Novice: 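Starting off with a structure, shown below.
What's counted below: heavy atoms across the whole structure, side chains too, no hydrogens, waters or symmetry copies. Fair warning: this is a prediction, and the values are worked out from it, not measured in the lab.
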Amino acid sequence: MSSFDLLSPNMQKKIWEMRWEEFTPIQDKAIPAIIETDDDIIISSGTASGKTEAAFLPILTLIEDTAKQSLKVLYVSPLKALINNQFERIESLCKDIGIPIHKWHGDVLQSKKKKFIQNPAGILQITPESIESLFINRTSMIPHIFNKLDFIVIDEIHSFLDVERGIQLRSLLARIEKVINKRPRYIGLSATIDNFEFVKQWVNFRNTDRVRIIHEKGYDKELLYHLMHFQRIEANKKPIELYEDIRELTREAKAIIFCNSREEVEYSTVLLNRLAQKEGEGETYYPHHSSIDKKERKFVEKTIAESTSPKSVIATSSLELGIDIGSIDIVIQVDSTYTVSSLRQRLGRSGRKQGSSSMLQLYSTMEDSLVQSLAVMELVLEKWVEPSQGYKQPFDILFHQIISMCQQYNGIKRSQLIQEIKSNDAFHDLDIEDINELLNYMIEREILEQLPVVQELIIGIVGERILRSREFYSVFMTREQYDVFSGTKQIGTIDKSPFINIKDRIILAGKLWEIYDIDSKRNKIYVSKASQGDPPKYSGDGGKIHQRIGEKMMEIICSDNFFEYIDEKAADCLKEIRIPYHSYEVTPQQRVIWRKKDELVFETYTGTTIYQTLMWMLRTKGVDVKTVDGVGRIKITMPPEEDILKVFDDIKNSTWCAEDVMKGVLERETFVSKFSFYLPERLRDKMHIANEIDIENTLSYLKSYTFRLIEL
DNA sequence: GACCTGCTGCGGGTTG
């Protein structure tokens, strides 16, 4: 039977109404998989391939008859915006057949939530944090809401796999299963991912054979791409020629211009609008990032989506996931992304019009960024993508979930709590001793309290304070912010810092402002219009780069490869970068330590986890490691009579245990997360070891390369 | 070298 024939008459009718002539390849595969098997299904493919319908056409076919009486589908999304977006898309499928669909997140009115609770039926769209709030604030309603649940659909499932938020979600879903004593089918929707074994484990570790991966690899569309280099003059100043070139490129086209920081977005918006104004144009470039007020961002999204004249949006990764901004002619990336998957997602945002090709313009403004841009682009072309690693030994989330569970049960025997933890998919591989240590520690600190007679655990005084905070629901870290107001209108936020003063001039939401009042108690700043300003400084924490990118960079530097998609300046710059490596005949199987008197610069060209582990090993061996930069250049101070290569040999030939590596880790370098501060030191170290240290691959890195000390 | 994500319930006042 064809996919179409498998669908219910009502769904077939929908397809006629939507005037679809054919299914996308992913839909063609997903429909029979969902209808004809009982397996969990992961649907993995690029943007705009119709994954939502691939899941919901067959799901609706299966639940059509029963969904009016009870809740059949729980749809989980990482973004409220995505819920609002998908609501309309799914609603149009549910219309006429009377299947209700409900939204539940922080912006949804209480009255609507109450209405849903009175008669839970059909489909519920929710965020992980709102599931958490159900467990805390509406505990007794959970069986009533979920007891007939058949499907759990997780949208953008890839965004949960490697982060604490994913562990929280995994735990919450396991807890729902426990309450209703039933396991609904899981349907995951994902951008292209790798490491399917891991995804299967995540979804159903008890029975990975019952998880089916439906995967579409390549791109349907032709990809046109080009790289140009505009060397920075000073560290922080990009040349005006770069902006002139972007202006040229976007004069007749609608573009998303991705920058790597909010600061760059603000600065570029002002500059590009100045260039446009010189040509007599009005506002043409709009900024988009998380510190711009939501209303303003919505306005920008709408302006871009609806505009018929060429208008462009300048954004951070805020526009990487599925927010709808209409069709885009060209994607511009200024300096390299940190991951291959990010570039892949971004270029998927262009050429959404039928038949048009995707256009990608890369720019680099520094030597490292040029090589990294090439490496990342080459890996995209090889169709490689970072595999999921998972979030290991999640004691911080266990801490959080123990509080949540104690609230849920309102008193639970310790043995029963441990049993619940061990049977939870999120925590099944944690050691029982560690769980016990954490429980004891929590009782000691009055986060939990052990009731004397009944021997039950309840939430303690300190735990109550943590639980009752608005901050409890989410498990990721955020910074303290000032809200910035012009009159009564909020413009956005800036990081709270003692260095912000009255009369400071800032750029925010693409406009210039002067601060005239700071209300530190209420975290509010008041501004008026100004004619000059600099973007505010936002602080962030660097992410990890995969080993494969480092290796690719070294391959590019050591080879003579000519890239036909790069301009002359980029080619000249690359040539310049290659000179020392070529003159010393360095090969990709080698790594170089450049020596200038007492100072050594070791260019690791590998991934973050490996070069950090190596740095800590070097410290443990008494080597004075000074700094390490984002691409893994380790600066070492060592007198000339000492031999660094001998230290490498020593490290290579030693037997390492994680505790030895930990001796080289500085306090400020240890693992940090929102709830890690509440953990006993040993468990925090254990998290650091599991997530940040990789002894095996570091030793094999040392064994597989030849290291050369070259005097400069 | 960074970016992104979400979130009470209740009482009191106002509005339709």
Side-chain angles (χ1 to χ4, degrees), chain A residues 76-84 103-111 113-114 117 126-139 155-156 158-160 162-166 168-169 172 232 235-236 258-266 288-292 294 297 314-323 333-339 341-343 345-346 364-369 372-373 376 400 404 407 464 466-479 481 493 495 537-545 549-550 608 611 627-633 674:
Chain A
V76 187
S77 159
L79 301 182
K80 290 186 291 192
L82 209 57
I83 289 181
N84 299 339
K103 286 188 263 194
W104 188 304
H105 57 64
D107 300 342
V108 173
L109 291 175
Q110 284 294 327
S111 55
K113 292 178 178 169
K114 276 184 188 143
I117 293 258
I126 200 166
T127 59
E129 289 73 16
S130 282
I131 304 179
E132 188 74 64
S133 88
L134 284 178
F135 269 104
I136 292 163
N137 302 310
R138 298 178 201 259
T139 317
D155 206 352
E156 310 273 8
H158 60 279
S159 73
F160 290 113
D162 290 337
V163 294
E164 53 264 67
R165 201 178 180 201
Q168 177 192 25
L169 175 61
L172 292 167
R232 285 191 196 188
N236 245 333
F258 284 108
C259 296
N260 285 341
S261 72
R262 288 169 279 185
E263 213 174 317
E264 292 286 354
V265 167
E266 293 291 355
H288 194 284
H289 58 73
S290 67
S291 296
I292 293 172
K294 278 226 170 99
R297 279 158 73 182
I314 307 179
T316 58
S317 57
S318 59
L319 279 183
E320 206 170 280
L321 288 180
I323 295 166
Q333 172 68 44
V334 183
D335 283 326
S336 179
T337 57
Y338 302 96
T339 65
S341 78
S342 171
L343 183 60
Q345 290 255 90
R346 290 176 186 192
S364 59
T365 66
M366 294 169 286
E367 287 90 346
D368 284 345
S369 162
Q372 197 174 321
S373 296
V376 170
H400 178 262
S404 179
Q407 161 68 16
E464 200 68 35
I466 299 169
L467 172 69
R468 292 302 159 197
S469 145
R470 198 162 165 265
E471 281 289 312
F472 182 77
Y473 302 91
S474 68
V475 295
F476 47 82
M477 290 249 269
T478 46
R479 286 197 165 70
Q481 300 283 322
T493 60
D495 281 6
K537 300 260 177 264
Y538 292 101
S539 49
D541 26 63
K544 283 183 187 163
I545 285 202
I549 294 176
T608 309
Y611 70 65
T627 55
V628 51
D629 69 9
V631 292
R633 243 180 232 106
K674 183 161 165 184

Novice: According to salt bridge (Lys or Arg N to Asp or Glu O under 4.0 Å), who are the partners of A:R633, at least two apart in sequence or on a separate chain?
Specialist: A:D368, A:E603, A:D629
Novice: Dump the pairs, protein N or O against N or O of nucleotides 1-3 of chain B, anything under 3.5 Å, distances to one decimal.
Specialist:
{"from": "B:dG1", "atom 1": "N7", "to": "A:G630", "atom 2": "N", "distance (Å)": "3.4"}
{"from": "B:dG1", "atom 1": "N7", "to": "A:G630", "atom 2": "O", "distance (Å)": "3.1"}
{"from": "B:dG1", "atom 1": "O6", "to": "A:G630", "atom 2": "O", "distance (Å)": "2.3"}
{"from": "B:dG1", "atom 1": "O6", "to": "A:V631", "atom 2": "N", "distance (Å)": "3.3"}
{"from": "B:dG1", "atom 1": "N1", "to": "A:Q372", "atom 2": "OE1", "distance (Å)": "3.1"}
{"from": "B:dA2", "atom 1": "O4'", "to": "A:Y338", "atom 2": "OH", "distance (Å)": "3.2"}
{"from": "B:dA2", "atom 1": "O3'", "to": "A:N260", "atom 2": "O", "distance (Å)": "3.4"}
{"from": "B:dA2", "atom 1": "N7", "to": "A:D541", "atom 2": "O", "distance (Å)": "3.0"}
{"from": "B:dA2", "atom 1": "N7", "to": "A:G543", "atom 2": "N", "distance (Å)": "2.6"}
{"from": "B:dC3", "atom 1": "OP1", "to": "A:R262", "atom 2": "N", "distance (Å)": "3.1"}
{"from": "B:dC3", "atom 1": "O3'", "to": "A:T316", "atom 2": "OG1", "distance (Å)": "3.2"}

Novice: For the residue pair A:F472 and A:H400, categorise the inter-ring angle as parallel (less than 30°), tilted (30 to 60°) or perpendicular (more than 60°).
Specialist: parallel
Novice: What's the CG-C1' distance between A:L169 and B:dG6, to the nearest Å?
Specialist: 13 Å
Novice: Please give, in whole Å, the distance from B:dC4 P to A:Q345 CD?
Specialist: 15 Å
Novice: What does the B/S/- profile of nucleotides 7-16 of chain B look like, 5' to 3', with a 4.0 Å heavy-atom cutoff to protein?
Specialist: BBS-------
Novice: From CD of A:E164 over to P of B:dG6, roughly how many Å is that when rounded to an integer?
Specialist: 15 Å
Novice: Can you name the residues that form a salt bridge (Lys or Arg N to Asp or Glu O under 4.0 Å) with A:E367, not counting sequence neighbours?
Specialist: none
Novice: Atom CG of A:D155 and atom C1' of B:dT5: how far apart are they, to the nearest Å?
Specialist: 14 Å
Novice: Base, sugar-phosphate alone, or nothing: which one does A:R297 contact when heavy atoms must sit under 4.0 Å apart?
Specialist: sugar-phosphate
Novice: Would you say the side chains of A:E320 and A:S342 form a donor-acceptor pair under 3.5 Å?
Specialist: yes
Novice: Will you find, in the side chains of A:H105 and A:T127, an N or O donor that is under 3.5 Å from an N or O acceptor?
Specialist: no
Novice: Checking side-chain hydrogen bond (donor to acceptor under 3.5 Å, both in side chains) for the pair A:T365/A:D335: CA distance, chi angles, key distance, verdict?
Specialist: CA-CA 6 Å; A:T365 66; A:D335 283 326; 2.8 Å; yes
Novice: Mind checking what makes side chain to side chain contact (heavy atoms under 4.5 Å, CB included) contact with A:S290, not counting sequence neighbours?
Specialist: A:R262, A:R297
Novice: List for me each residue that meets salt bridge (Lys or Arg N to Asp or Glu O under 4.0 Å) alongside A:E156, sequence neighbours excluded, and say none if there are none.
Specialist: none
